[in-house]
> 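Below is the structure I would like to discuss, written out as structure tokens.
Just so we're on the same page: letters track the sequence lines, and every chain starts at 1.
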Protein chains: 2
Amino acid sequence: MKNLISTLNEFYPLSKESLEQLNSIFVEKKYKKKDKIASFGEVPTNFFVLKSGIVRSYVTDEKGKEFIRALYVPLRAVGAFSSLITKKPTETVYDCLTDCTLLVGDFKKYKQFAKTNIELANLYNVILERLFVRMEKRIFELSLLDAKQRYLKLKRYIPEIETLIPQYHIASYLNVTPVQLSRIRKELYK
Amino acid sequence: MKNLISTLNEFYPLSKESLEQLNSIFVEKKYKKKDKIASFGEVPTNFFVLKSGIVRSYVTDEKGKEFIRALYVPLRAVGAFSSLITKKPTETVYDCLTDCTLLVGDFKKYKQFAKTNIELANLYNVILERLFVRMEKRIFELSLLDAKQRYLKLKRYIPEIETLIPQYHIASYLNVTPVQLSRIRKELYK
DNA sequence: TATAGATGTTAACCTATGTTAATAGAATTG
DNA sequence: CAATTCTATTAACATAGGTTAACATCTATA
């Protein structure tokens with residue numbers, strides 16, 4: 001329990017009762033590298049809090065090429081929120097880039113509790129707010145910065161990134177080809 | 001009152017009491033083309049619901065060049081939410097591209113009510129959820145589509161857009177120069 | 001209505017990034 | 001440890017989109 005409590009209190013302090021309700025919908029679970037936590041075309045039912053490891057989200061084009069849209073580090077809320085919200089099948093896949101430990105939450109039960117438990121409604125607000133702020137930053141990044149600046153920004157955000165995941169995943173997150181990332185690195189470190 | 005009620009019930013049905021609380025924090029207000037509803041560097045205190053007209057948000061680079069990041073049409077929630085949430089000065093400016101009517105809401109009072117009124121907490125959830133879904137779509141758009149496809153998508157979203165705002169604003173929203181948009185249009189309509 | 005400013009188009013040229021393919025070293029597995 | 005597969009680099013070439021500038025309309029207002 002300790003772990004769940006300390007993890008979630010990072011977001012929003014909760015009463016005992018709320019924590020008990022959370023307990024009833026969250027389960028801690030270990031995943032292996034490459035395990036999917038949300039698959040293409042499914043209507044997801046869970047959301048997650050990442051305890052350790054790195055998770056990515058990506059979409060796939062007609063030719064099967066993958067585009068990583070987000071990288072998640074510990075304590076971030078993870079999940080196909082757009083699909084949880086709209087109840088439509090997700091086009092975004094979420095999987096583990098390393099072995100991971102996640103808190104798995106039942107979204108429907110959560111929303112059920114949030115209807116009457118205002119602490120949980122407000123915790124959900126806080127999570128959505130954080131996701132929102134992060135997303136807005138990502139939009140600025142993608143539209144205002146060139147690939148070199150996006151690369152430097154990612155390295156500031158996760159300095160160990162290059163030891164954690166292969167370069168072609170980083171390139172995909174930056175929205176460039178591995179070839180272009182290689183050029184950028186050459187230019188930077190020459 | 002009718003107007004406020006019908007506008008907000010588009011989002012989430014509310015009890016009389018909640019509507020009264022909302023009434024106490026919302027004011028309907030008319031704005032002229034070019035009026036700002038959130039200015040660079042200020043910590044905003046209001047959020048808005050657009051009743052009529054078109055609002056844009058934009059950021060400015062070191063050289064003073066403007067980048068439109070979002071366009072808002074009637075019934076959308078508008079505001080510098082990232083700054084409202086983080087309480088940090090906004091780098092995004094919001095202004096009216098046409099004469100507009102907006103519901104102006106006091107964010108702090110709203111949050112105050114939402115602490116104890118679960119309907120308002122849940123309405124805020126719904127607003128954040130919608131903003132989130134819209135934002136995620138925008139990220140896919142900016143990173144997966146080329147300028148021509150983004151242009152076609154915008155025209156599907158707001159078919160009258162070309163009669164409402166000048167082409168260079170459209171180009172800015174699409175993240176290309178007016179020159180490039182002109183090329184795209186030539187190519188499409190030849 | 002004459003003039004200045006705002007808007008859109010086009011051309012010429014430049015740059016960032018994509019595509020493909022060859023190569024080589026690193027990592028994984030039989 | 002040999003063979004295979006993965007990953008990163010590099011080169012050659014192609015393309016989308018940026019920059020600048022000239023020009024043509026259009027619009028507003030003095």
> Starting at CD of A/E17, measure out to CD of A/Q21 and round the result to the nearest 0.5 Å.
5.5 Å
> What's the CG-P distance between B/D146 and C/dT17, to the nearest Å?
16 Å
> For B/K155, I'd like to know if atom NZ has over 12 heavy atoms of other residues, nucleotides or ligands within 6.0 Å.
yes
> If you fit an axis to the five pairs at each end of the helix from C/dT1-D/dA30 to C/dG30-D/dC1, how big is the angle between those two axes, to 10 degrees?
40°
> Rounded to whole angstrom units, what separation is found between the CG atom of A/L142 and the C1' atom of C/dT17?
15 Å
> From CD of B/E66 over to P of C/dT7, roughly how many Å is that when rounded to an integer?
12 Å
> Considering only side-chain heavy atoms of A/Y168, which listed nucleotide, D/dT10, D/dT7, C/dG18, is closest?
D/dT7
> From the set D/dG17, C/dA11, C/dT17, return the single nucleotide nearest to any side-chain atom of B/V179.
C/dA11
> In whole Å, I'd like the distance from the CD atom of B/Q149 to the P atom of D/dA16.
12 Å
> Can you check the A/L181 CG to D/dT10 P distance for me, whole Å?
12 Å
> Please report, rounded to the nearest Å, how far the P atom of D/dG17 is from the NZ atom of B/K148.
9 Å
> Classify A/Q167 by what it touches in the nucleic acid, base, sugar-phosphate, or nothing, heavy-atom distance under 4.0 Å.
sugar-phosphate
> Look at the side chain of A/R183 and the base of C/dT19, then say whether one donor and one acceptor between them are separated by less than 3.5 Å.
yes
> Give a yes/no on whether any side-chain N or O of B/T177 is located under 4.0 angstrom from OP1 or OP2 of D/dG18.
yes
> May I ask you to say whether A/D95 pairs ionically with A/R56, meaning some side-chain N is under 4.0 Å from a carboxylate O?
yes
> Pick base, sugar-phosphate or nothing for A/P166, based on heavy-atom distances below 4.0 Å to the nucleic acid.
sugar-phosphate
> Decide if the gap between the ring center of A/Y72 and the ring center of A/F48 is smaller than 6.0 angstrom.
no
> CD of A/E187 versus P of D/dA8: gap in Å, rounded?
20 Å
> Answer yes when A/E42 and A/K36 have at least one side-chain N-carboxylate O distance shorter than 4.0 Å, and no when they do not.
no
> Do A/F47 and A/F26 have their ring centres less than 6.0 Å from each other?
yes
> Strictly below 4.0 Å: does A/K65 bring a side-chain N or O up to OP1 or OP2 of C/dT19?
yes
> Could you say whether B/S182 or A/V176 is positioned toward the 5' end of DNA chain C, judged by the nucleotide with the nearest heavy atom to each?
B/S182
> How many whole angstroms separate atom CG of A/N175 from atom P of C/dA16?
17 Å
> Do B/R185 and C/dT10 share a donor-acceptor pair, side chain to base, under 3.5 Å?
no
> Is it true that A/Q180 and A/Y151 share a donor-acceptor pair across their side chains at a distance under 3.5 Å?
no
